[in-house]
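Quick notes on the structure that follows.
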Amino acid sequence: MTGIRDFGCARIAFPGFNEVGRDDHFYRSADLIFFNDWANEVNAIRAFKVKCYSLGNPEAIYLRGMYEYFFLHLLDEGREKIHRAAERGSVLAQFVDAMMNLAFSVDGRGIVHNYPAFTRQHVDEMFQIIIGWKIRHNWDYEKPPTFISVAERMDPNVAHSCWCSNLDPPMFVVSLDGSRLRWKCDRCFWNCAAWEFCYAIHLSARAWPIED
């Protein structure tokens with residue numbers, strides 16, 4: 001299900017789903033990352049999201065953390081919720097939490113250091129989700145100044161002067177979107193990944209209801 005309308009239709013079509021749909025476990029485990037917000041169902045959506053959050057749904061915690069961090073600029077509160085969602089098993093939150101740690105490890109030369117324990121394929125998979133049209137929501141708000149400062153301190157061109165750019169013959173990898181990219185060493189790979197993350201992650205944040 002990707003919307004509150006699907007949820008309602010399922011409850012009508014399958015009588016047994018009514019009971020499941022009222023169970024707390026359903027709200028704790030509902031997949032909210034690809035959940036569509038229907039403007040004409042705003043009250044139902046708000047109640048659904050608030051219940052998921054109040055019952056500890058990891059993705060609800062993650063999405064509220066993103067809202068607090070990128071919309072409200074409540075940096076500590078937002079980071080704490082993203083980290084808590086990661087600890088509770090949200091795969092996307094685990095990626096974002098680790099990539100934020102990577103971004104904030106940038107040194108005076110523009111190089112990042114705290115490499116996460118992700119495979120390159122996993123990084124590619126997560127980027128496809130973050131930049132995909134299904135969860136990109138917002139373009140009209142500003143990133144927190146601290147986050148902008150971190151991004152601007154990174155050197156996205158570090159690979160141009162690295163040994164990995166001078167391999168002969170050059171090595172290439174194919175991304176999940178079909179693009180053919182030059183292979184990079186770990187230092188260059190993570191520096192470029194952190195830079196791209198900083199300039200893309202805020203687009204996946206979305207509005208989130210705060211309890212009364």
Heavy atoms of other groups near Gln121 CD, more than 12 under 6.0 Å
no
Check: Arg182 side chain, Ser165 main-chain N or O, donor-acceptor pair, under 3.5 Å
yes
Are any non-hydrogen side-chain atoms of Leu72 and Glu77 less than 4.5 angstrom apart?
no
When you measure from the side chain of Asn191 to the backbone N and O of Val112, does any donor-acceptor pair fall under 3.5 Å?
yes
Is there side-chain contact between Leu92 and Glu59, with at least one heavy-atom pair below 4.5 Å?
no
Keeping Ser105 on the side-chain end and Asn114 on the backbone end, is there a donor-acceptor pair under 3.5 Å?
yes
Could you pull out the closest heavy-atom pair between Met66 and Ile82, with the gap in Å?
SD-CD1, 3.9 Å
Interatomic distance, SG@Cys52 vs CZ@Arg64, rounded to 0.5 Å, equals 13.5 Å
Heavy-atom donor-acceptor pair, Ser175 side chain to Gly178 backbone, under 3.5 Å:
no
Distance from Tyr62 atom OH to His83 atom NE2, nearest 0.5 Å?
15.0 Å
Are Trp183 and Val123 grouped together when hydrophobic residues (ILVMFWY) are joined by side-chain heavy atoms under 4.5 angstrom apart?
no
Inter-residue atom distance Phe147.CZ - Cys198.SG, 0.5 Å rounding:
4.0 Å
Are Phe189 and Tyr115 an aromatic pair, judged by ring center distance below 6.0 Å?
no
I'd like to know if the side chain of Ser54 and the backbone of Val50 have a donor-acceptor N/O pair within less than 3.5 Å.
yes
Non-hydrogen side-chain atoms of Glu80 and Asp76 separated by less than 4.5 Å
no
Mutual orientation of the aromatic rings belonging to Phe95 and Phe127 [parallel < 30°, tilted 30-60°, perpendicular > 60°]:
perpendicular
So Tyr27 and Phe48, would you call those rings parallel, tilted or perpendicular, with 30° and 60° as cut-offs?
tilted
Do Leu181 and Trp190 share a hydrophobic cluster, counting only Ile, Leu, Val, Met, Phe, Trp and Tyr and linking them when any side-chain heavy atoms are less than 4.5 Å apart?
no
For the side chain of Asp97 and the backbone of Ala86, is there at least one donor-acceptor N/O pair under 3.5 Å apart?
no
Can you get from Met100 to Tyr199 by hopping between Ile, Leu, Val, Met, Phe, Trp and Tyr side chains that sit under 4.5 Å apart?
yes
Do the side chains of Pro58 and Arg28 get nearer than 4.5 Å, heavy atoms only?
no
In the structure I gave you, are the side-chain heavy atoms of Lys81 and Leu74 within less than 4.5 Å of one another anywhere?
no
Heavy-atom check, side chain of Leu102 versus side chain of Pro116, under 4.5 Å:
yes
When hydrophobic residues are tied together by side-chain contacts of less than 4.5 Å, even through go-betweens, does Val173 share a cluster with Phe118?
no
Mind checking the CH2-CD spacing from Trp195 to Glu152? Nearest 0.5 Å is all I need.
11.0 Å
Only one of Tyr69, Phe70, Phe71 clears ring pair (Phe, Tyr, Trp, His ring centres under 6.0 Å) with Tyr67; which?
Phe71
Should Met171 and Val158 be counted in the same cluster of Ile, Leu, Val, Met, Phe, Trp and Tyr side chains packed under 4.5 Å apart?
no
So, does Asn57 use its side chain to make a donor-acceptor pair with the main chain of Leu32 at under 3.5 Å?
no
Is Asp186 paired with Arg120 through a side-chain N to carboxylate O contact shorter than 4.0 Å?
yes
Run the side-chain contact (heavy atoms from CB on, under 4.5 Å) test on Arg79 and Phe104 for me, step by step, so that the C-alpha distance in whole Å, both residues' side-chain angles and the decisive distance to 0.1 Å come before the verdict.
CA-CA 12 Å; Arg79 281 296 303 273; Phe104 280 94; 4.0 Å; yes
Quick check for you: to the nearest 0.5 Å, what is the distance between Glu68 atom CD and Leu63 atom CG?
11.5 Å
Between the NE2 atom in His113 and the CD1 atom in Ile111, the distance rounded to the nearest 0.5 Å is 7.0 Å
